[in-house]
Amino acid sequence: MTEYLVRRVLQAVLVLFLITVVSFGLMHAAPGGPLKVMLSPGMSPEAQLIQMKNMGLDQPVYIQYMKWVGNLLQGDLGHTFKNNVPVGDILWPTVWNTFVLMSVAWGLSMLIAIPWGIYNSTKQYGLSDQIASIVAYLGFAMPTFWFGIMLQQYFAMQLNLLPLSDMWTMGKEGQLSDLILHLILPVTVLTLVNIAAYVKYTRASMLEVLEQDYIRTARAKGMKERRVIFRHALRNALIPVVTIIGLDLPTLVAGAALTESVFNWPGMGRLFVEMAVAREYSVLMSITLLISLMVIIGNLLADLIYALVDPRVQLGRKGGRAA
Amino acid sequence: MSQVQLQDDTVVETNRPGGQLPTNPVGQKPPGLWTTAGKKFMRNPYAVGGLIVLLFFIGIAVFADWVAPHDPAKIDFMITNLPPGTEGYVLGTDELGRDILSRLIHSSRVSMLVGFSVAFAAVVIGTLIGAISGYFGGWIDTCFMRLVDVMNSIPSLFFNILVLALFGAEFIYMILILSLTSWTSVARLVRGQFLQLREMQYVEAARAIGVSHWGIITRHLIRNAMAPIIVYATLMVGSAILSESGLSYLGLGIQPPETSWGLMLSKAQEFMLVDPLQALYPGLCILLVVLAVNFVGDGIRDAFDPRKKKKNPKRRLNKWNATSSK
């Protein structure tokens with residue numbers, strides 16, 4: 001176990017290091033590099049040089065990289081080119097807003113999808129199962145932002161029931177009821193997409209378990225079907241489901257960039273799009289790193305929990321699940 | 001007595017001298033994998049329906065210049081925001097007086113081009129890397145798999161946005177970056193297949209008679225891994241089309257005066273008050289195409305899956321069978 005743990009953590013650190021190199025390299029490989037943004041047009045060459053010196057851009061790339069990593073390790077994410085605002089000041093509020101949106105959507109989708117998937121696995125090809133597969137096909141084939149726009153048109157423009165976009169109504173900041181009203185549409189969009197996938201996972205995982213010998217044994221003992229499903233099947237079926245859903249989370253946060261843009265939700269994804277257009281390198285790198293870090297830690301945790309919870313997982317296997 | 005390994009891993013024992021394959025009773029060669037799969041595919045109504053819709057959109061994309069009733073870029077301020085059903089403008093016009101139907105038709109080009117070229121490029125890169133990784137193993141494998149880890153740790157939407165914003169929202173960059181962010185799943189798949197297949201006896205036999213690594217990879221392994229690769233490629237067409245629409249919606253994909261369904265959606269959202277229907281059509285087109293592609297992909301997967309012999313909902317297995325037999 002310890003050896004496995006150490007190896008996985010080292011792997012994760014290596015991947016994280018490579019990501020910093022890739023994202024830093026990208027910023028510097030881009031045409032114009034960081035220079036293009038910060039130099040105001042019409043600046044004299046001398047002034048440009050001074051500006052570059054101030055920003056440390058006259059030094060070799062690897063030194064800039066090491067400085068940047070050094071600052072990161074001390075918790076300094078850098079400053080924006082425009083107005084020289086510390087990145088953290090812009091970033092952290094949006095992280096919180098994204099967290100609010102995602103946790104509601106995520107929790108709701110699990111609450112709906114897991115029981116639904118369990119039910120469908122017991123009644124294969126029944127009505128509910130077929131509805132679920134229609135939802136899944138639509139959820140996978142539909143551009144989510146389009147679904148968002150459609151909901152906006154119907155519920156906000158035509159019926160005038162719900163707010164069109166944003167997180168708060170002006171002057172009502174901090175009121176829970178206002179927040180909930182604003183949450184309904186984006187959460188619906190995200191939940192539908194998540195449900196499409198989660199019902200499928202749960203159903204597939206349950207069906208796999210239901211074929212096992214120990215389920216047949218349980219049935220042969222004359223155990224009640226309800227007990228077989230919830231005691232014997234569900235416990236085993238949920239392990240892979242929870243792992244997959246957990247692994248999905250960071251990707252979902254990233255995928256919410258589109259939904260956040262549609263609904264003008266002041267979250268991390270929308271910030272990323274805005275900052276990408278404005279070429280605010282330090283913000284972009286911070287968000288990329290933050291999300292990657294979440295993915296890596298998520299992967300690591302999933303592997304470890306999997307190994308801890310399920311004694312059938314062999315740790316000695318070369319490469320493990322992640323390879 | 002000698003043993004002959006068939007393609008599907010069943011070992012047939014023959015008593016004939018020389019160990020020939022037993023001819024089957026009718027004296028014909030049994031139908032091959034591809035023929036069987038093709039027949040199964042054609043019997044699946046969803047898959048065939050998807051294929052028809054897909055071919056329809058491909059046809060429209062190819063012949064857009066002839067099919068479209070108007071020039072999609074022609075601006076005419078006399079006829080802005082015509083409602084659907086107007087004479088000559090079936091779906092109406094947008095805020096600049098351009099015919100919406102013609103714009104939809106021309107947009108299908110972008111989607112088809114992006115979908116198929118990204119899927120093709122991703123499959124080529126992914127198969128190559130997965131094949132090398134799975135066949136040779138060792139440090140090559142480790143290097144490639146860490147690369148895959150890195151790619152998978154940066155959510156692809158963010159990566160796409162980042163690159164397009166930094167390098168400029170050019171069409172060719174979009175295809176490149178979408179390919180570069182989607183090959184990893186193919187690579188993992190091919191690697192996994194190769195890890196299994198390289199232990200097969202026919203690979204050992206090929207090695208024993210001196211077939212080169214390249215020959216084994218291309219002639220034996222890739223051929224046997226082909227079916228799942230095709231399924232992945234098909235599904236990737238759909239996801240590439242979705243990514244393109246998302247990026248264009250964000251303003252980082254197709255740039256005006258060119259047009260694409262995603263771009264039309266972002267314009268339609270701006271003019272939501274004037275004409276709420278404008279946002280409906282492009283989204284429906286995307287939905288329809290991606291749905292069709294996914295049906296085709298699922299159809300191919302089922303056609304190659306030996307476990308799904310009878311997928312006829314009418315012949316439902318009885319309860320005992322469904323729960324207790326493997």
Side-chain angles (χ1 to χ4, degrees), chain A residues 11-12 14-16 18-19 22-23 26-27 29-31 124-125 130 137-138 140-147 149-150 152-154 157-158 164 210-211 215-216 219 250-251 253-255 257-258 261-262 269 272-273 275-279 281 284 287-288 291-293 295-296 299 319 322-323, chain B residues 141-142 145-147 149-159 161-168 191 235 238-239 241-242 245-246 249-252 261-262 265-266 268-269 272-273 276-277 279-280 282-284 286-295 298 313 316-317 322-326:
Chain A
Q11 251 178 31
L14 177 70
V15 169
L16 193 64
L18 288 174
I19 286 173
V22 168
S23 52
L26 262 179
M27 307 285 164
Q124 254 194 95
Y125 304 117
Q130 289 184 3
Y137 267 112
L138 288 180
F140 284 128
M142 196 163 51
T144 46
F145 61 96
W146 174 66
F147 184 50
I149 296 175
M150 292 286 108
Q152 275 184 330
Q153 285 203 344
Y154 193 68
M157 306 291 282
Q158 293 198 359
L164 182 67
L210 283 175
E211 278 185 352
I215 297 294
R216 204 185 326 178
R219 285 208 178 107
T251 331
V253 173
L258 275 165
S261 298
V262 171
F272 190 79
V273 176
M275 292 296 130
V277 177
R279 291 179 159 230
Y281 291 84
L284 292 179
I287 298 182
T288 313
I291 300 244
S292 313
L293 193 67
V295 177
I296 292 170
N299 272 320
Chain B
D141 184 32
T142 315
M145 284 307 113
R146 288 296 85 75
L147 181 64
D149 282 350
V150 172
M151 298 296 292
N152 283 350
S153 302
I154 308 179
S156 53
L157 180 67
F158 274 36
F159 207 17
I161 293 174
L162 195 63
V163 169
L164 288 174
L166 292 180
F167 288 79
R191 174 180 176 269
L235 298 176
S239 62
I241 291 175
L242 282 178
S245 68
Y249 170 77
L250 291 176
L252 291 162
W261 291 330
L265 277 174
S266 83
Q269 198 189 16
M272 212 174 342
L273 266 177
L277 275 175
L280 186 67
L284 275 184
I286 302 173
L287 176 65
L288 211 58
V289 171
V290 180
L291 208 54
V293 170
N294 289 353
F295 275 146
D298 283 0
R316 238 169 263 156
L317 299 166
T323 50
S324 63
S325 69
K326 272 204 177 178

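Values below: every heavy atom of this structure, side chains too, minus hydrogens, waters and symmetry copies. Quick note on labels: first sequence line is chain A, next is B, and so on, each numbered from 1.
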Inset, instruction - Tell me, out of A/Val262, A/Leu293, A/Leu16, who's got the most heavy-atom pairs with chain B below 4.5 Å. - result: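 The candidate making the most pairs under 4.5 Å is A/Val262.
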Legend entry - Pairs of heavy atoms under 4.5 Å with chain B: top-ranked of A/Leu26, A/Leu18, A/Ile287: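 If we count pairs closer than 4.5 Å to chain B, A/Leu26 comes out on top.
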So, for [X] and [Y], which heavy atoms are closest and what is the spacing to 0.1 Å?
{"X": "B/Val290", "Y": "A/Phe140", "result": "CG1-O, 4.2 Å"}
{"X": "B/Leu250", "Y": "A/Ser261", "result": "CD2-OG, 3.5 Å"}
{"X": "A/Leu258", "Y": "B/Gly246", "result": "CD2-O, 3.7 Å"}
{"X": "A/Ser292", "Y": "B/Ile154", "result": "OG-CG1, 3.8 Å"}
{"X": "A/Ala276", "Y": "B/Ile161", "result": "CB-CG2, 3.7 Å"}

Inset, instruction - Output, in order, the C-alpha distance, side-chain angles, deciding distance and verdict of side chain to side chain contact (heavy atoms under 4.5 Å, CB included) for B/Ser245 and A/Phe145. - result: CA-CA 9 Å; B/Ser245 68; A/Phe145 61 96; 3.6 Å; yes
Side chain, backbone, both or neither: which part of [X] has a heavy atom under 4.5 Å from chain A?
{"X": "B/Asp298", "answer": "side chain"}
{"X": "B/Leu147", "answer": "neither"}
{"X": "B/Leu291", "answer": "both"}
{"X": "B/Leu288", "answer": "neither"}

Inset, instruction - Could you go through the side chain to side chain contact (heavy atoms under 4.5 Å, CB included) check for B/Phe158 and A/Leu284 one step at a time? - result: CA-CA 9 Å; B/Phe158 274 36; A/Leu284 292 179; over 6 Å; no
Inset, instruction - Show the numbers, then the answer: is there a side chain to side chain contact (heavy atoms under 4.5 Å, CB included) between B/Asn152 and A/Val295? - result: CA-CA 8 Å; B/Asn152 283 350; A/Val295 177; over 6 Å; no
Inset, instruction - Check whether any side-chain N or O of A/Trp146 sits under 3.5 Å from a backbone N or O of B/Ala279 as a donor-acceptor pair, and report yes or no. - result: yes
Inset, instruction - Specify whether B/Phe295 and A/Tyr137 have parallel, tilted or perpendicular ring planes, treating 30° as the upper limit for parallel and 60° as the lower limit for perpendicular. - result: tilted
Legend entry - ring-ring contact (aromatic ring centres under 6.0 Å, His included) against B/Phe159, all qualifying residues, sequence neighbours excluded: none
Inset, instruction - Specify which of B/Leu164, B/Val163, B/Ile286 makes the most heavy-atom pairs with chain A at under 4.5 Å. - result: B/Ile286
Inset, instruction - Name the region of A/Val22, side chain, backbone, both or neither, that has any atom closer than 4.5 Å to a heavy atom of chain B. - result: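 The side chain, not the backbone.
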Legend entry - Part of A/Met150 within contact of chain B (heavy atom distance under 4.5 Å):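 Only the side chain of A/Met150 comes within 4.5 Å of chain B.
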